[in-house]
Amino acid sequence: MTRHAHVIGDPIAHSKSPVIHGFWLQKLGIAADYTAQAVIPSELADYLAQSRQSAGWIGCNVTMPHKQAIIPHLETLDPLAAKLGAVNTVIRQDDGSLKGFNTDAGGFLEPLLPALEEKHLFRMARILGTGGAARAIIAGLADKGFTLVVAGRDPAKARALLDELAPHGEHHAAALSHFAEPTDFAFDDRDQCYDLVVNASPLGMQGSPPLEFDWSHAPPGSVAYDIVTNPMETPFLTAARAADHPIVGGLSMLVGQAAIAFEKFFGVTPPRQDDAELMELLSQ
């Protein structure tokens, strides 16, 4: 009996998850399959019912538009998934029940962990976007001691997310348009401070308009992090690089969250020493 897992969504053909999990399975010599399966909203319940009947099915990753819709079909939720109200990983338990997890926050934080292990007098993150990805990012950064500025087209929605997910601390909501025009704001000394600017929106994705962010709004040395994976370097990151900011691309988050899911699926840590080879494969 070959164990197998899927990534489900609609659409799903663009997903890089089969490449990532397939790469790790091959490197570790594990006889298992991980494939993409298109599931439209009206077929979600049938997919889960049929999968439960498959002896080798161990679970699935979940992408849009099912991250919230799948929750009523699960027996239990991990506390973080319950807090975020979104599931991106489903694991079949030993008793046959289904448990939902959210690995987005852990995946997002992974490339930042070496810096976050250092001591800082102050940490601030500007999070641009108020969609589903922003929820995980807000929760993850609030737990790491960041003061947050969340910007969206609707500042009231940004404020509501902060009140729900980061109720402690002096966080701020802003209009996304505030960051589009240059500013002459004079930043104070950022020694021993850690600043982060995150594009948590789909703006800049291939086929979408770019994110309008003027880098005069970011303190010197701020890390630019874009969760968009296609293109690998968005206009947001290109502008950040030109302004001498270190950058983190969306593939880092994608691989990070996949690594957490892989361990839950297959019970082993993926071979992260091969990340450079995997990134090259994903860039093709």
Side-chain angles (χ1 to χ4, degrees), residues 1-9 12-37 56-64 78 80 87-92 101-118 133 136-137 140-141 144 196 198-200 204-206 223-234 236-238 240-241 245-284:
M1 179 183 63
T2 300
R3 289 178 294 167
H4 61 275
H6 301 128
V7 56
I8 64 170
I12 200 61
H14 66 285
S15 176
K16 297 180 183 294
S17 294
V19 176
I20 298 170
H21 288 268
F23 177 84
W24 289 332
L25 289 170
Q26 188 273 328
K27 286 289 184 181
L28 293 172
I30 296 174
D33 294 323
Y34 183 105
T35 57
Q37 184 158 333
W57 184 77
I58 54 178
C60 61
N61 282 130
V62 183
T63 188
M64 295 300 291
D78 175 77
L80 179 58
V87 164
N88 76 341
T89 304
V90 174
I91 303 295
R92 180 155 72 173
F101 297 84
N102 191 301
T103 69
D104 284 335
F108 172 81
L109 289 171
E110 188 191 74
L112 305 177
L113 291 179
L116 297 182
E117 289 173 356
E118 301 175 6
I137 292 167
L141 291 177
K144 294 297 182 181
L196 182 65
V198 183
N199 177 25
M205 183 184 300
Q206 186 170 350
V223 176
Y225 195 145
D226 199 329
I227 68 167
V228 170
T229 59
N230 184 20
M232 290 181 62
E233 183 166 312
T234 59
F236 173 79
L237 292 181
T238 298
R241 187 193 297 275
H245 294 279
I247 66 173
V248 180
L251 287 182
S252 296
M253 176 178 175
L254 184 66
V255 171
Q257 63 88 14
I260 301 170
F262 184 91
E263 189 161 352
K264 293 184 183 300
F265 286 139
F266 303 106
V268 293
T269 303
R272 301 303 301 279
Q273 69 273 12
D274 298 317
D275 272 8
E277 183 181 351
L278 175 58
M279 289 294 187
E280 178 65 25
L281 184 63
L282 291 172
S283 68
Q284 297 174 4

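Each residue takes its place number in the sequence, starting with 1. Only this structure's heavy atoms are used, side chains among them; waters, hydrogens and symmetry mates stay out.
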Rounded at 0.5 Å granularity, tell me how far [atom1] in [X] sits from [atom2] in [Y].
| X | Y | atom1 | atom2 | value |
| --- | --- | --- | --- | --- |
| Ser283 | Leu278 | OG | CG | 9.5 Å |
| Ile12 | Thr35 | CD1 | OG1 | 10.0 Å |
| Phe23 | Asp274 | CZ | CG | 5.0 Å |
| Ser15 | Gln37 | OG | CD | 12.5 Å |
| Asp104 | Met253 | CG | CE | 4.5 Å |

Heavy-atom side-chain contact between [X] and [Y] under 4.5 Å:
| X | Y | result |
| --- | --- | --- |
| Gln206 | His14 | no |
| Leu251 | Lys16 | yes |
| Val198 | Phe108 | yes |
| Asn61 | Tyr34 | yes |
| Asn102 | Asp78 | no |
| Leu25 | Phe265 | no |
| Val255 | Met279 | yes |
| Glu263 | Thr269 | yes |

Geometric class of the Phe262/Phe266 ring pair [parallel <30°, tilted 30-60°, perpendicular >60°]: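 Tilted: the ring planes of Phe266 and Phe262 meet at 30° to 60°.
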With Arg241 via salt bridge (Lys or Arg N to Asp or Glu O under 4.0 Å) - residues at least two apart: Glu233
Which heavy atom in [X] sits nearest to a heavy atom in [Y], and how many Å separate them?
| X | Y | result |
| --- | --- | --- |
| Ile20 | Ala258 | CG2-CB, 3.9 Å |
| Val87 | Thr89 | CG1-O, 3.5 Å |
| Phe236 | Ala224 | CE2-CB, 4.2 Å |
| Ala261 | Thr103 | N-CG2, 4.2 Å |
| Pro114 | Glu110 | CD-O, 4.0 Å |
| Ala240 | Ile247 | CB-CG2, 4.0 Å |

Of all pairs that satisfy salt bridge (charged side-chain N to carboxylate O under 4.0 Å, His left out), the ones with a partner from residues 19-33, not counting sequence neighbours: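 As it turns out, the salt bridge (charged side-chain N to carboxylate O under 4.0 Å, His left out) pairs with a partner in residues 19-33, which skip direct neighbours, are Lys27-Glu277.
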Partner set under side-chain contact (heavy atoms from CB on, under 4.5 Å) for Pro111, not counting sequence neighbours: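 Pro111 satisfies side-chain contact (heavy atoms from CB on, under 4.5 Å) with Tyr225, Val248, Ser252 only.
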side-chain contact (heavy atoms from CB on, under 4.5 Å) partner of Ile227, the single match among Thr234, Leu254, Ile137, Asn199: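 Exactly one pass, corresponding to Ile137.
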